Visitor: 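Handing you this structure, nothing more for now.
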Amino acid sequence: MGKRFSRTLPVAHTLMGSLLAGASFSAVAQDQTLPAEALDWQAWEQGEASQQLCRGRYVMPGYRLPAEQDPETLSVETQEADYASDGEALLRGDVVLRRANTELEADRIFLPANREQVDAEGNLALRDGQALLRGDSATLMLNEDRGTINNSHYVLYEAHMRGQANQLEQTGESQYRLHDASFTACDPGANTWQLVSSDIRLDQAKGFGTARHARLEVKDVPIFYWPWLRFPIDDNRHTGLLAPAIGFSSDGFDYAQPFYWNIAPNHDATITPRWMTDRGLLLNGEYRYLFSESAGTVEGGYLSSDDGGTSGDNRFAGQDRWYIDAQHAGRINNRSNYRLRYGAASDGRYFDDFGGQFGDSDRVSMERLAQVDYQGERWQLDARAQGFQRLEDPLNDTDKPFYRLPSLTANSNWQLGSGIYSEWRSNVTYFWRDVDERRVPEQEAATGSRLHLTPAVGWRAENSWGYVEPRTELWHTTYDLDYGERETDRGTTPSRSIAVTSVDSGLVFERELELGSRDYRQTLEPRLNYAYVPRTNQTQLPDFDSRERAFSWDQLWSPHRFSGADRVGDLNRVSLGVQSRLIEDSSGRDRLTFGVGQSVYFAERRIDSEGDPDTLPARPEEDPNVNPQRYYQATRDRSPLVTRLDWQINDRWSTGYEWLYDDHREQTERSSVDVNYRHPAGHVVNLGYRWEIEGFDPDSVPGDDGFRNYNREEWDLSFAWKANTRIDLIGRYLHDQTNDRALEQMAGVQWNDCCYGVQLVWREWVDDNDTARIEDDFNDRGLFLRFVFRGLGGVGQQADSYFERTIPGYRPTPL
């Protein structure tokens, strides 16, 4: 039975307590190993193992000695104790010392008379709740920040890290040195990789370490060498190199090496040189800042003299390519905020050619903005100057968007009692764009100001069984225009006043229903909507921001055929529809929603983008440059039947369906079907089908980049299958049925292990050159590899965000 006694000693930072509290460093190596149980390793139970990446975990055993009330008290348990006359003490035989949360075990411990140091030998083990350190011998100075441990092995419990060092030395306050050291995140006995260095210095106060002659070993084979390496040892931001991104594709080799600069606690920057064998050296950068009332970023890239690439028409060869995007946002007071942004690119294909991440070429414009707003109890105000650079190449003058310099908005609402309400919407904007006004359609040639006022009054009577809501809006719009050098007979101060009237109503019938031993509430919701908009001459009005909307379920109930304020479509129609929902009473969730509706027209719709109330759109056989569906859409006496279905079949299967069917021509105008599978284990399968008749978008005509001169039919299959805890299989196939070609093919595998992860993806896709025409398309393909050493970093392009977009429902296991 060991002897146990307590003694109060001066409190000082021991080597282990200080070191292990911040030992999340990235380097530490030797061939000598310890059995897993000596590293406090605990294997998972059989039922748990199948759900874990690691074979087990590090768990600190319970303290052998109880905690003392006074944290300065040193508790000791030993089998033998020898004392000299001068006060020296030699403790032998399974000695245990504990002070506060730190407990030391050793075969022998020597305490000198002055109690200024501890010398420990034999089977040394030190635990503090966060880490374990084992060694052959140690000398710890209790009153100084110095100490040495020989032939050490360490474990960081929470971080799942372990390592070795021939000698671990504390050289000063929060200063440490490790000789011939290694570290890894792999399970005991599985050194898939480790980082090895002959000399590691750690500075806890500054939060970083340095390593000399560091090398990365995979299965004991060196694969990378750093003469000198600087790395973080805490969660704070530190200046240094980040993990590189490496890519291989049909275009060649792509290597990007980010460098992070921690300028100050509220300022940082990332500088990323990127070498592409087919393009040259691209320099990217990002600067971020944060203040108490504002924040912002500045990012950009520059490539001097593009080598032209290996795909496409190489028309940018020899040109400088660049972009800049600066954003700033802040708060003026509790009701007002402001935003500033300026974005520009050298050309419309910059992001198609240099998208920073896997599949990242989705930017369609660069915004320029200065905005301030006010959110009051009654009024909402907004003032902005805004413009966009459209990212297309080539970009025709007609496709360039208008700038708003400036745009002022004031909106308000009033509830007048008994269901009566009124609204005020107002905006004044000056529109400008840099085009040759002689080369664009006449109605798009003008620049100038537009005042748009839309006061509204309505009444809504609502009950549990239904509602009715008549509403009238007055659209008053006036302009002050300048056509520059364009010769025209159009007026420079046109105006338009028109009333938009609608009546919306619906009933709700409910009944209780039992299906499959489950209780449901079924609704039957008929709806009737009438809208009237008189036909008004708008041929003198410019076209700054209007676009005719494609027909849909929502358009059944809307009196507005156009977006924007420059066109108000004539309309005299009634829409009838019915919707039924199956509501699961236990959860209140909609299990099934089915709706069908149709509009009946009492007059032709003559107003189109030209604004002419007297002329119907031309027939396609009369003018090949018009939308082939426009004349029919304007003269038909009823809309297509719109049917939609959302069905949560069970907890795993769901489907959605929309069908627009012309019962006069007996022809489908648009349809879409989606079937989705979601498994609790993470399996995802999506199957989608899209059909759209040529010219279905009424605002698109032959010659537009978005016009397809064929009926569009596509299939989209995507999946992500977790074969087991470690393996994810992913894939996508997008097929253009009309042109019998694959638009995208992707297949990949992700291997997740306790100490590393691998992502290998093959992708082939069609680059459409920003148009719907197939004659200028070309194929691109690539093989993308990402390899991550957990706890150290990795190489390769980050692709998780792209997978989440293209495989709905999939959440990749973080690498």
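A quick note: this is a predicted structure, and the numbers were derived from the prediction, not measured.
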Visitor: Starting at CG of L528, measure out to OG of S505 and round the result to the nearest 0.5 Å.
Guide: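 These two atoms lie 4.5 Å from each other.
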Visitor: Please name all residues satisfying side-chain contact (heavy atoms from CB on, under 4.5 Å) with Y374, sequence neighbours left out, ordered by chain then number.
Guide: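 For Y374, the residues satisfying side-chain contact (heavy atoms from CB on, under 4.5 Å) (neighbours in sequence not counted) are R335, S336, L381.
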Visitor: Tell me whether R573 is salt-bridged to D637, with the criterion being a basic N under 4.0 Å from an acidic carboxylate O.
Guide: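 Looking at R573 and D637, the cut-off is not met.
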Visitor: Just distance, no hydrogens or angles: give the donor-acceptor pairs under 3.5 Å from side chains in residues 415-426, sequence neighbours left out.
Guide:
unit_1	atom_1	unit_2	atom_2	d
Y421	OH	E469	OE2	2.6
Y421	OH	R471	NH1	3.3
E423	OE1	R471	NH1	3.4
E423	OE1	R471	NH2	2.9
E423	OE2	R471	NH1	3.4
W424	NE1	S426	OG	3.0
R425	NH1	S412	O	3.0
R425	NH2	N413	OD1	3.1
S426	OG	A410	O	2.8

Visitor: Using every non-hydrogen atom in the two residues, find where D608 and P617 come nearest and quote the distance to one decimal.
Guide: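 Where D608 meets P617 most closely, the heavy atoms are OD2-CG, 4.0 Å.
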Visitor: Could you verify whether a donor N or O on one side chain and an acceptor N or O on the other, from T409 and N427, lie under 3.5 Å apart?
Guide: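 Yes, side-chain donor-acceptor contact under 3.5 Å.
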Visitor: Against E367, only a single residue in R384, R341, R390 fulfils salt bridge (Lys or Arg N to Asp or Glu O under 4.0 Å); can you say which?
Guide: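 Result for salt bridge (Lys or Arg N to Asp or Glu O under 4.0 Å) with E367: R341.
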Visitor: Is it the case that the side chains of Q648 and D590 hold a donor-acceptor pair, with the cut-off being a distance below 3.5 Å and no angle test?
Guide: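 No donor-acceptor contact under 3.5 Å links the two side chains.
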Visitor: Going by distance alone, is a donor N or O of one side chain under 3.5 Å from an acceptor N or O of the other, for Y661 and E666?
Guide: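 Absent: no donor and acceptor within the cut-off.
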Visitor: Looking at D651 and R591, is there a salt bridge between them, counting it only when a charged N and a carboxylate O are closer than 4.0 Å?
Guide: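 D651 and R591: salt-bridged.
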Visitor: Given the ring of Y467, does R460 sit roughly above its face, with NZ or CZ under 6.0 Å from the centre of the six-membered ring and within 45° of the axis?
Guide: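 Yes.
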Visitor: List the atom of E694, the atom of P628, and the distance in Å for their closest heavy-atom pair.
Guide: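 Where E694 meets P628 most closely, the heavy atoms are OE2-CG, 3.7 Å.
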Visitor: Side chains of Q737 and E714: any donor to acceptor distance under 3.5 Å?
Guide: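 Checked: E714/Q737 side chains show no N/O donor-acceptor pair below 3.5 Å.
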Visitor: Where does the angle between the aromatic ring planes of Y677 and W653 fall among parallel (under 30°), tilted (30 to 60°) and perpendicular (over 60°)?
Guide: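 Aromatic pair Y677/W653 classed tilted.
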Visitor: Under 3.5 Å, is there a donor-acceptor pair linking the side chains of Y632 and D662?
Guide: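 Side chains of Y632 and D662: pair found under 3.5 Å.
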Visitor: Salt-bridged, R741 to D736, with N to O below 4.0 Å?
Guide: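 A salt bridge is present here (some side-chain N lies under 4.0 Å from a carboxylate O).
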Visitor: Could you tell me whether the side chains of Q750 and R786 share a donor-acceptor contact shorter than 3.5 Å?
Guide: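 No, because no side-chain N or O of Q750 sits under 3.5 Å from a partner of the opposite role on R786.
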Visitor: Would you say S580's side chain and L524's backbone share a donor-acceptor pair under 3.5 angstrom?
Guide: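 Not a single qualifying donor-acceptor pair exists.
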Visitor: Does any N or O in the side chain of N724 come within less than 3.5 Å of the main-chain N or O of I727, such that one atom is a donor and the other an acceptor?
Guide: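 Yes, the answer is positive, given that a donor and an acceptor are paired below the 3.5 Å cut-off.
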Visitor: Ignoring hydrogens and geometry, is there a side-chain-to-backbone donor-acceptor pair from D674 to G656 under 3.5 Å?
Guide: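 No: the side chain of D674 does not pair with the backbone of G656.
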Visitor: Hey, are R527 and D504 close enough for a salt bridge, meaning a charged N less than 4.0 Å from a carboxylate O?
Guide: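 Between D504 and R527 there is a salt bridge, with a charged N closer than 4.0 Å to a carboxylate O.
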Visitor: What pairs meet the ring-ring contact (aromatic ring centres under 6.0 Å, His included) rule with one or both residues in residues 550-587, with sequence neighbours excluded?
Guide: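 Of all non-adjacent pairs touching residues 550-587, those that pass ring-ring contact (aromatic ring centres under 6.0 Å, His included) are W475-H560, W553-W557.
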Visitor: So, for A329 and R339, which heavy atoms are closest and what is the spacing to 0.1 Å?
Guide: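 What the structure gives for the nearest pair is CB-CG, 4.1 Å.
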Visitor: Do D570 and R561 meet the salt-bridge criterion of a basic N to acidic O distance under 4.0 Å?
Guide: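 Yes, this pair counts.
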Visitor: Are R690 and E692 close enough for a salt bridge, meaning some N to O gap below 4.0 Å?
Guide: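 Looking at R690 and E692, the cut-off is not met.
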Visitor: Determine, for F803 and R805, whether the Lys NZ or Arg CZ falls below 6.0 Å from the six-membered ring centre while staying within 45 degrees of the axis.
Guide: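 No, cation not above the ring by the 6.0 Å, 45° rule.
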Visitor: For residues 507-517, which side-chain N or O atoms pair as donor and acceptor with protein atoms under 3.5 Å away, sequence neighbours left out?
Guide:
unit_1	atom_1	unit_2	atom_2	d
E510	OE2	R521	NH1	3.4
R511	NE	Q522	OE1	2.7
R511	NH2	Q522	OE1	2.8

Visitor: Which heavy atom of Y631 sits nearest a heavy atom of T635, and at what distance?
Guide: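 Shortest heavy-atom contact: O-OG1, 3.0 Å.
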Visitor: State whether a side-chain donor-acceptor pair under 3.5 Å links W691 with S672.
Guide: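 W691 vs S672: no donor-acceptor pair found between side chains.
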Visitor: Taking salt bridge (charged side-chain N to carboxylate O under 4.0 Å, His left out) as the definition, give me every residue that meets it alongside R55, ordered by chain and number, with sequence neighbours left out.
Guide: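 In terms of salt bridge (charged side-chain N to carboxylate O under 4.0 Å, His left out), with neighbours along the sequence ignored, R55 is linked to D187.
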Visitor: State whether R636 and D663 are salt-bridged, where the test is any N-O pair (Lys NZ or Arg NE/NH1/NH2 against Asp/Glu carboxylate O) under 4.0 Å.
Guide: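 Here R636 does not pair with D663 in a salt bridge, since their nearest N and O are not under 4.0 Å apart.
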Visitor: Do Y530 and N572 have side-chain atoms, one donor and one acceptor, less than 3.5 Å apart?
Guide: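 Yes, because at least one side-chain N or O of Y530 sits under 3.5 Å from a partner of the opposite role on N572.
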Visitor: Let me see the working for D646 and R581 under salt bridge (charged side-chain N to carboxylate O under 4.0 Å, His left out), right down to the final yes or no.
Guide: CA-CA 9 Å; D646 291 300; R581 292 183 296 152; over 6 Å; no
Visitor: Pair C754, H160 - check side-chain contact (heavy atoms from CB on, under 4.5 Å), show working.
Guide: CA-CA 9 Å; C754 183; H160 201 91; 3.2 Å; yes
Visitor: Examine distances only and state if a side-chain atom of E525 and a backbone atom of V578 form a donor-acceptor pair shorter than 3.5 Å.
Guide: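 It does not hold such a pair.
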Visitor: Salt bridge or not for D699 and R549, using N-O below 4.0 Å?
Guide: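 Judged by the 4.0 Å cut-off on N to carboxylate O distance, D699 and R549 do not form a salt bridge.
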Visitor: Write out all pairs satisfying salt bridge (Lys or Arg N to Asp or Glu O under 4.0 Å) with one or both partners inside residues 715-727, taking only residues at least two apart or from two chains.
Guide: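 The answer is D716-R732, K722-D728, R726-D753.
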Visitor: Taking S575 for the side chain and S599 for the main chain, is one N or O donor matched with an acceptor at less than 3.5 Å?
Guide: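 Absent.
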Visitor: I'd like to know if the side chain of R652 reaches the main chain of N650, judged simply by a donor and an acceptor atom lying under 3.5 Å from each other, with no hydrogens or angles considered.
Guide: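 Side chain of R652 to backbone of N650, a donor-acceptor pair under 3.5 Å: no, none is there.
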Visitor: Please determine, by modelled atom types, if R678 and N686 share a side-chain donor-acceptor pair under 3.5 angstrom.
Guide: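 Yes, a side-chain donor-acceptor pair sits under 3.5 Å.
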